[in-house]
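What follows is a single structure, written as structure tokens, with notes after it.
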Amino acid sequence: MSFLNVIRKRLVFLVFVMFGVTLITFTISNLIPGDPARLIAGDRATAEIVEKIRNDLGLDRPLYEQYGKYIVGVAQGDLGTSIRTRRPVLEDLKIFFPATLELAIVALMLAIAMGIPLGVASAVWKNKPIDHLVRIISVIGISTPAFWLGLLLIVFFYGKLGIFPGGGRIDQNIAMPQHVTGFLLIDSLIARDFTAFKSVVGHLILPAFTLGFVHLGVVARQVRSAMLEELKQDYIRTARANGVSEFSIVFTEALPNAMIPSITVLGLAVGDLLYGAVLTETVFAWPGMGAYVVSSIQALDFPAVMGFTVVVSLAYVMVNLAVDLIYMMVDPRIRGIS
Amino acid sequence: MPIDMSDKTILKIEDLHLNFPIYQGAVHAINGVSLYVDEGEIVGIVGESGSAKSVTAMAALRLLPKGSFRLTNGNITMLGHDILKISEAEMNSLRGNQVAMIFQEPQTALNPTKTIGKQMFKVIQLHTGKKRKEARNLALCLLQDMRINDAEEILQRYPFELSGGMRQRILIGLAFACSPRLLVADEPTTALDVTVQRQVLQLMRAKARKTSTAILFISHDLALVSQFCDRIYVMYAGSIVEEGPTKLVLSAPAHPYTQALVRALPESSTKGQRLESIPGTVPKLTIKQEACSFRERCDHAHDLCVKIPSLVMSGVKTQKAACWLLEKVR
Ligand SMILES: Nc1ncnc2c1ncn2[C@@H]1O[C@H](COP(=O)(O)OP(=O)(O)OP(=O)(O)O)[C@@H](O)[C@H]1O
Ligand SMILES: [Mg+2]
């Protein structure tokens, strides 16, 4: 199996996934009772006006025709026009998606940076206090709803201690750095605006921790079990018999191999983080896709909702592709005989 | 600190008792094992599966998982070091350097995601402090000594791309990286087919003679051990039941268990006669033995056998066996 082959396979797969995802969302959107045209026109509009709006939006066309038109648009990078904001959905998403992605990536990095050491520690000191502590953290992480944890953190760190801001992406009295990537961490660095950068970091910590907390436990447990599995292997015994130190055995022999099965879990986490961000964003008034999609659903803004679904599914497939490629890079057995 | 012992003795195990605590009780794996290996010697340990050959070897190199076992009695001395007392760092500087070990399963004994070269360089550099290039040259020499012709190419291969025999030769080559004083080989050829087996053993012996490395060779195959070793220990249920020079043990086995093993050797059974196997099974190790552990399977069992016999001379000075029959003779 070569890299190119995998990429090719995944791209074919992508077509089917997008097809399925759009079909399902489209069907559900049309099954939901409610008429977007009436919603736009308002309560007092005449039937004539409603009809005209419906005609303008193409909602009077047969469903298969609407769907066909939509699919053709998506293939050309056109996600339609939002009913609510009257702007191209793609333009809206360009603003909101980076905010969500930034939050999700930082959350993932927090989960990895804390989850891997915790997992390693609990495998090395199995059934010792640290192992129990990690188990408790994992259970709390998995069983704590993100919105509740978020509120708790806001009450404590913003309300009581006042060391972190309570919401938003950046202080209101600091100018947004010029839009380059949409990631404020990067944009503020590009603009060499370090006050803005500091503010952005401060605003990220609580929501990223809230969002990443579940995955911290998941990562720690995955790494723990993979490490225990690796440490049992014969090649570890060989390393010991060759006088390799315990430190080196854990970090240079066992851990890299234990990370291989963990990559899948991390890939799944990325998808979860994108969806999970919706809830966290609401708590932290984070101007991301969460707020956008919730308002869109309330407004029966189907193009916007479908645009969101398309983008997130696309991201999901891309992450899976990345996971496959990383697998091939780190595991020579998958790469095949060289 | 080095303990007073004859310079020639590399490994000495004295009256070792070791058990593995399990739920409600323990597996009494080693029940009084004493053995020694002198410089340049090839010593065999032979015994059927479960007789604690591997556990003994692993204990000698302190490779048993920490906390999994209880050592209730005994001493292990290697090259003047008290193995049961020295620090982890001291132990690590012995392992792979002064004493090396190879295992039964070459299939899984190498790290699956690193090239052979990377794994060899790491061990070589660890003990010799050589630069990468020198380490590479040494690795090539070691592989060539193991009759691996395309050594350059092998260094770039991953373990899964090589055959079992090739991997075991690599592991043996690596074991000799620092010309150790002792090589512990735990069934190094059991997983290989017969033709490869012989070749690998010959390479190992030739290399050991060259570097004057002593070998502690572990096998369940008396035929193999008798071809290969100067001296042998016969183990049964965690104790040594007979020891002596290979020739003597083979020609005049003193212990009924050894006698049965020798009778079961292919060459001693005449044509058409069925291979003799020993009836019965090894006693449960979860019960601490108070009697001779071979009693249940022994044709000569009598009243005295309810007590554990100790190793005594069996006629010739260098041959000893643990059996009450010998006591009676005396
Ligand atoms: N960690 C452990 N916990 C409990 N019992 C153990 C453990 N390790 C080994 N044993 C027991 O110790 C006894 C001796 O095992 P050992 O592996 O040394 O046998 P062996 O002579 O090497 O056999 P083989 O020829 O099959 O390799 C066995 O009964 C085994 O079940
Ligand atoms: Mg064994």
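Just so we're on the same page: letters track the sequence lines, and every chain starts at 1. Note that the coordinates shown come from a computational prediction; the quantities given were computed from them, not determined experimentally.
- Contacts of B:Met58 with chain A are made by side-chain atoms alone, with heavy-atom separations under 4.5 Å and no backbone atom involved.
- Contacts between residues 114-133 of chain A and chain B, defined by a heavy-atom separation under 4.5 Å, are made by no residue at all.
- Applying a 4.5 Å heavy-atom cutoff, the residues of residues 220-241 of chain A that approach chain B are A:Asp234, A:Tyr235, A:Arg237, A:Thr238, A:Arg240, A:Ala241.
- For chain A, the option among B:Gly96, B:Ala175, B:Pro65 with the highest count of heavy-atom pairs below 4.5 Å is B:Gly96.
- By a heavy-atom distance cut of under 4.5 Å, A:Ser248, A:Thr252, A:Glu253, A:Asn257, A:Ile260 are the residues of residues 248-261 of chain A near chain B, going up by number.
- Heavy-atom distances place no part of B:Leu94 under 4.5 Å from chain A, backbone and side chain included.
- Residues of residues 108-117 of chain B that come closer than 4.5 Å to chain A, counting heavy atoms only, are B:Thr108, B:Ala109, B:Leu110, B:Asn111, B:Pro112, B:Thr113, B:Lys114, ordered by residue number.
- With a 4.5 Å cut-off on non-hydrogen atoms, B:Leu174 touches chain A through its side chain but not through its backbone.
- Here the side chains of A:Asn242 and B:Arg95 are not in contact, with every heavy-atom distance at 4.5 Å or above.
- To the nearest 0.5 Å, atoms CZ (B:Phe160) and CG (A:Asp331) are separated by 8.0 Å.
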